[in-house]
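Letters go in sequence order (proteins before strands), and every chain restarts at 1. Since the structure is predicted, the reported quantities are computational estimates derived from the model, not experimental observations.
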There are 2 protein chains.
Amino acid sequence: MQATRPTMRDVALRAGVGVGTVSRVVNKNDKVRPETRARVEQAIAETGFHRNELARMLRPGQITATIGLVIDDLANPFSSAVASGAGRVAGQRDHVLLIGSTERDVETERDLIREFVRRQVDGLLIISNDLKPVDETITIGDLPIVYIDRAPVANRYDRVMLDNHTGVKSALNRLVSDGHRRIAYVGGSPTAITGATRLRSYRQVLQGHGLPVDPELVSMHNYTADDARESVIALLGRRRPPTAIFSDNNRMTYGAIQALTALDSRTALAGFDDIELADLLPFEIDLVVYSPSDLGAKGAAQLFRRIDGDTGAARTIRVPTRLDRRGRRFHTGA
Amino acid sequence: MQATRPTMRDVALRAGVGVGTVSRVVNKNDKVRPETRARVEQAIAETGFHRNELARMLRPGQITATIGLVIDDLANPFSSAVASGAGRVAGQRDHVLLIGSTERDVETERDLIREFVRRQVDGLLIISNDLKPVDETITIGDLPIVYIDRAPVANRYDRVMLDNHTGVKSALNRLVSDGHRRIAYVGGSPTAITGATRLRSYRQVLQGHGLPVDPELVSMHNYTADDARESVIALLGRRRPPTAIFSDNNRMTYGAIQALTALDSRTALAGFDDIELADLLPFEIDLVVYSPSDLGAKGAAQLFRRIDGDTGAARTIRVPTRLDRRGRRFHTGA
DNA sequence: ATGAAAGCGCTAACAA
DNA sequence: TTGTTAGCGCTTTCAT
């Protein structure tokens with residue numbers, strides 16, 4: 001269906017030179033007589049020649065200038081922000097991004113990684129849902145890999161992680177110092193790496209303050225904002241309701257906001273992740289915010305360090321979080 | 001820096017067969033004696049062989065199973081939703097997405113397209129900012145291309161477009177039927193294809209209702225939510241302020257919301273694009289909503305039709321919009 | 001400065 | 001059923 005495109009041979013024939021000369025012209029660097037170069041360039045223009053990168057990449061020692069990015073789902077703003085940061089850094093290095101979505105399925109993730117390896121990517125950036133490190137299931141060789149946001153417990157690769165613990169701690173500290181003693185936790189899957197980490201921090205921080213961890217106040221398995229809304233409504237209906245809520249991520253926070261608004265409740269709220277329009281809320285809210293695109297950018301930067309030959313020990317790079325009080329900004333007159 | 005990976009030759013040597021047999025095993029389809037196949041598969045496992053896709057793709061008549069996607073910026077939720085839809089469809093066809101961001105720069109866009117052509121993509125999906133059709137600046141041959149969301153005025157390619165006119169019309173009709181006669185327009189760049197289209201519709205619809213188009217009520221060149229906020233504040237400060245505002249896109253809508261909230265104004269608001277948390281607003285708002293991922297999905301679907309050999313006339317595929325009244329949902333008791 | 005030719009890893013045609 | 005081989009388009013010696 002695709003008419004065969006002109007090759008260097010076609011250009012060479014037309015310009016009356018050898019293919020080697022065409023290659024030299026295309027690659028700018030070499031010494032070619034200006035007059036010859038002009039003839040070749042004209043032939044290129046006339047034929048509409050584009051070098052076949054696949055053929056170039058096939059030659060030994062050539063890079064593909066391609067980074068593979070494995071993410072959950074492009075529709076997820078977190079993932080797409082990571083992709084954006086990674087893409088920016090890759091672009092600066094004249095690399096292109098091959099992106100695949102796993103939909104959180106481990107087999108899909110492995111298939112995607114295999115596919116990218118087969119396509120000879122120069123490096124791999126992975127937001128993984130696999131409990132096993134990639135080199136346990138796939139022969140990776142010495143292909144540089146950087147895990148982003150989460151990573152299997154023991155593995156030999158670099159990782160760029162959010163400072164989850166500090167984030168959870170800062171939010172809970174704020175709630176505690178505001179006088180709260182009964183702080184609920186609203187989360188999703190307890191086996192998801194990030195969720196498990198944050199839940200652990202929640203328990204740890206409460207205990208650090210000498211507060212009991214009441215299982216009644218921990219609501220897990222909320223997978224949508226609607227789930228979270230119902231769970232929060234249920235929590236607030238208890239005999240001894242919480243006076244504050246910590247939500248594990250932005251979906252949970254949305255649900256909690258809906259519940260609080262619907263019930264006209266004054267329960268305090270803090271949550272992980274930023275949310276749009278938070279400033280327009282009629283009550284205050286503490287958010288653990290950070291730059292998701294930094295995760296991608298720092299991941300890509302570290303990947304290029306490896307690609308450039310850095311063989312040092314695996315690094316863990318932290319992306320900081322910040323506690324931000326939001327809401328009521330435009331309600332000061334009310 | 002990358003140790004050389006095992007090739008089919010290595011596998012063949014180890015299994016004591018010819019490379020042709022290894023190729024047959026890897027490509028499943030052919031007739032290979034089960035015993036031979038087993039030997040080869042073991043050799044593959046032992047060597048950790050991954051077929052080099054670049055070499056495969058180089059053979060004549062082979063596809064690369066790659067779709068190039070050219071977008072503004074992955075950080076933009078609209079773009080990433082388009083990418084998500086396109087990626088889903090591409091995945092169903094076992095194709096992978098090569099994604100590049102133009103940052104709205106025409107030269108970057110052209111460079112990216114050239115790069116994707118060089119990489120032998122099977123098709124190209126473009127959210128373009130170029131006023132010229134791609135085949136006027138780049139030799140494309142018969143590579144299938146589908147424009148998404150916007151397209152140069154005259155070109156020979158398929159396009160998937162939002163029904164902008166109907167969207168603007170539905171919102172303005174609603175405002176007019178609510179009794180509004182002075183409806184302001186808050187927009188961005190008047191030369192951006194989408195913005196120009198919507199502004200034209202605005203004028204057209206007002207005139208259709210026999211309403212004057214007051215230039216005083218048209219505020220262009222707002223590029224951020226902050227710009228829009230200030231512009232709306234200025235608009236409302238006029239001697240004869242508008243009684244309603246139409247905002248060209250989500251950033252403008254955010255700014256307008258901020259302005260309205262800050263001024264505690266009851267000016268009506270309608271806008272293009274959905275926004276998160278709209279239901280939590282203390283006032284009603286009419287939004288022109290649609291599925292951005294549908295743009296990507298339908299674009300990819302049409303692209304595959306072309307890849308599959310459809311040579312019919314260029315099609316314009318419309319993605320519908322819907323007017324949605326939002327806000328106050330959780331304020332019913334107030 | 002330039003042409004000729006080898007070879008990258010693979011698939012497919014041909015031979016056996 | 002299986003091995004051998006030509007050749008995809010390119011880069012890169014090696015001659016000239």
Inset, instruction - Looking at every strand, decide which applies to A:Gln62 at a 4.0 Å heavy-atom threshold: base, sugar-phosphate, or nothing. - result: sugar-phosphate
Inset, instruction - Using atom CZ of B:Arg9 as one end and atom C1' of D:dG3 as the other, report the distance to the nearest whole Å. - result: 14 Å
Inset, instruction - Please check if the side chain of B:His95 supplies one atom and the backbone of B:Phe304 the other of a donor-acceptor pair under 3.5 Å. - result: no
Inset, instruction - Please work out if A:Val26 contacts a base, only the sugar-phosphate, or nothing of the nucleic acid, heavy-atom cut-off 4.0 Å. - result: nothing
Legend entry - Side chain of B:Thr36 (C-beta onward), nearest among D:dT5, D:dC10, D:dT2: D:dT2
Legend entry - Length of the CG-C1' vector between A:Asp10 and D:dC10, whole Å: 13 Å
Legend entry - Length of the line joining B:Phe49:CZ and C:dG9:P, which is rounded to integer Å: 10 Å
Inset, instruction - Without swapping roles, check the side chain of B:Thr64 against the backbone of B:Gln120 for a donor-acceptor pair under 3.5 Å. - result: yes
Inset, instruction - Determine yes or no for a side-chain-to-main-chain donor-acceptor pair under 3.5 angstrom, with B:Arg318 supplying the side chain and B:Leu162 the backbone. - result: yes
Legend entry - Heavy-atom donor-acceptor pair, B:Thr21 side chain to B:Val17 backbone, under 3.5 Å: no
Inset, instruction - Round to a whole Å and report the spacing from CZ of A:Arg56 to C1' of D:dG9. - result: 12 Å
Legend entry - Pairwise 5' ranking along DNA chain D for B:Val32 and A:Leu58, keeping only the more 5' one: B:Val32
Inset, instruction - Record whether the side chain of A:Arg59 comes under 3.5 Å of the base of C:dC8 through a donor-acceptor pair of N or O atoms. - result: yes
Legend entry - Side chain of A:Lys31 (C-beta onward), nearest among C:dT11, C:dA1, C:dT2: C:dA1
Legend entry - Side chain of A:Val17 - closest among D:dC8, C:dG3, C:dT11: C:dG3
Legend entry - Shortest side-chain distance from B:Thr21, nucleotide among D:dG3, C:dA5, D:dG9: D:dG3
Inset, instruction - For D:dT2, take OP1 and OP2 only and decide whether either is under 4.0 Å from a side-chain N or O of B:Arg33. - result: yes
Inset, instruction - Output yes when at least one side-chain N/O atom of B:Ser23 is less than 4.0 Å from OP1 or OP2 of C:dT11, else no. - result: yes
Inset, instruction - Figure out the CE/P separation between B:Met8 and D:dT5, and round it to whole Å. - result: 18 Å
Legend entry - First encountered from the 5' end of DNA chain C, between B:Val22 and A:Gly20: A:Gly20
Inset, instruction - Calculate the interatomic distance between B:Glu53 atom CD and D:dC8 atom C1'; express it in whole Å. - result: 15 Å
Inset, instruction - Check whether the side chain of A:Arg24 and the base of C:dG3 form a donor-acceptor pair under 3.5 Å. - result: yes
Inset, instruction - Would you kindly give the NE2-to-P distance between B:His50 and C:dG9, to the nearest whole Å? - result: 15 Å
Legend entry - Sidechain-backbone polar pair: B:Arg39 side chain, B:Arg14 backbone, donor-acceptor under 3.5 Å: no
Inset, instruction - Round to a whole Å and report the spacing from CG of A:Asn52 to P of D:dG7. - result: 18 Å
